[in-house]
J.: 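Quick one: this structure, given as structure tokens, is what I'll be asking you about.
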Amino acid sequence: MQIHVNGETATIDEMSLLHYLESLAIDPRRVAVELNLDILPKAAYGTTLLRDGDRLEIVHFVGGG
Amino acid sequence: MSNANDKLTIAGREFTSRLMVGTGKYADFPQMVAAIETSGAEIITVAVRRVNISDRSKESLLDHIDLKKYTLLPNTAGCYTADDAIRTCRLAREAGLSDFVKLEVLGDEKTLFPDNEELLKAAAVLVKEGFTVLPYTTDDPIVCKKLEDIGCAAVMPLGAPIGSGLGIRNPYNIRIILDTVRVPVIVDAGVGTASDAAIAMELGCDGVLMNTGIAGAKDPVAMAEAMNLAVRAGRLAFRAGRIPKKLFATASSPVEGTIE
């Protein structure tokens, strides 16, 4: 299935958001995730299954003023 | 009199340092860490951006920051509408688990001046959602009063445009703002060198926030130390109470007893 992540298209197997983050070596404690414009609480990452066509925004902190 | 017991209180939280620094524009993470450490700052600003999905090799900012030591102040840099700024703040809270946000809603890419209309809209929503809102605004006392009335925890008028290094361009407006609001007044943006920071503090500001002034200096770590000293010196001078300015001289040595 295809999902849209940070403006890019990715082809992935069916999995939870937590598994997807782990597959990218992203520490779930260090990011915030929007799924189809709704912010997901961290506790929901493990139980949220990604679906075809989902739009994800995964953000973190970078240097800024 | 020293600055030791002179705390800055924002939304009930006490801070010893009145200098807040950014984390952007450094050559590398070790330089950033050294500059922040040397600045003595306890509050540091960060930006919220997409994680690079295709290239996971880059180090993460938070790997280099001791979160027990510093309070993160996520910003909404790059947001041009209230909606974008609100969305960014909500993401920042989820990423950082803190309610502190530096709210900026920009009006124009060339000046990076705030769009105060959108800023006020965003501030009202965020305060209702429980955020501790520190808004970057123009040096406009009326807007600062409105931001205070909305419930912002501080107001952060610019000294000059972001990254311009022009210093405190309108010290009279800053003084009027200080006279108008009761929440902390933190000069945010425009500081180019140590004397600019000292001037802000001598005016009676509660703090100064800067990024480019330090990170853009030839030697950022040395400039961080200069800013640390300047903010403390300016604060102490303000508390000490400066002499009034006079047009003519007043002798420092006694007039009596001069030889004839």
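Worth saying up front: this structure is predicted, and the values here are computed from it rather than measured. We name chains A, B, ... by the order of the sequence lines, and we start the count at 1 in each one.
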J.: Might you point out which heavy atoms bring A:A32 and B:E94 nearest each other, and give the distance in Å?
T.: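 Minimum heavy-atom separation between A:A32 and B:E94: CB-CB, 3.8 Å.
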J.: Hey, does the side chain of B:N75 reach the backbone of A:G64 with a donor-acceptor pair shorter than 3.5 angstrom?
T.: no
J.: Non-hydrogen atoms of chain B under 4.5 Å away: do they reach the side chain of A:I26, the backbone, both or neither?
T.: both
J.: Could you walk me through whether B:R50 and A:E8 pass the side-chain contact (heavy atoms from CB on, under 4.5 Å) test, one step at a time?
T.: CA-CA 11 Å; B:R50 282 173 165 173; A:E8 293 174 33; over 6 Å; no
J.: With rounding to the nearest 0.5 Å, note down the distance linking CG in B:L62 to CZ in A:F61.
T.: 6.5 Å
J.: Against chain A, label B:A92 side chain, backbone, both or neither, depending on which of its atoms sit under 4.5 Å from a heavy atom there.
T.: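 Both parts, backbone and side chain.
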J.: Looking at every non-hydrogen atom in both residues, tell me the closest pair between A:V31 and B:V51 and how far apart they are.
T.: CG1-CG2, 3.9 Å
J.: Taking atom CG as the centre, does A:D13 end up with more than 12 heavy-atom neighbours from other residues, nucleotides or ligands that are less than 6.0 angstrom away?
T.: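 At most 12 heavy atoms, drawn from other residues, nucleotides or ligands, come within 6.0 Å of this atom.
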J.: Ignoring hydrogens, what is the shortest heavy-atom contact between B:A95 and A:K42? Give both atom names and the distance.
T.: CA-NZ, 4.1 Å
J.: In Å, rounded to the nearest 0.5 Å, how long is the span from CD1 of A:I58 to CG of B:L91?
T.: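 So the CD1 of A:I58 and the CG of B:L91 are separated by 11.5 Å.
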J.: Within the structure provided, determine whether B:L61 and A:H60 are in side-chain contact (heavy-atom separation under 4.5 Å).
T.: no
J.: Taking B:T212, B:D188, B:T23, B:V48 one by one, which has the highest count of heavy-atom pairs under 4.5 Å against chain A?
T.: B:T23
J.: List the steps and the verdict of side-chain contact (heavy atoms from CB on, under 4.5 Å) for B:R93 and A:I39.
T.: CA-CA 10 Å; B:R93 176 153 68 181; A:I39 294 176; over 6 Å; no
J.: Would you mind checking which part of B:K25 comes under 4.5 Å of any heavy atom in chain A, side chain (CB onward), backbone (N, CA, C, O), both or neither?
T.: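 Neither part.
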J.: Please say whether more than 12 non-hydrogen atoms of neighbouring residues, nucleotides or ligands are located less than 6.0 Å from NE2 in B:H64.
T.: yes
J.: Is B:L73 close to chain A through its backbone or its side chain, or both, or neither, when contacts mean heavy atoms under 4.5 Å?
T.: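 Looking at B:L73, nothing touches chain A.
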J.: Pair B:R90, A:E34 - check side-chain contact (heavy atoms from CB on, under 4.5 Å), show working.
T.: CA-CA 10 Å; B:R90 290 172 180 157; A:E34 250 185 24; over 6 Å; no
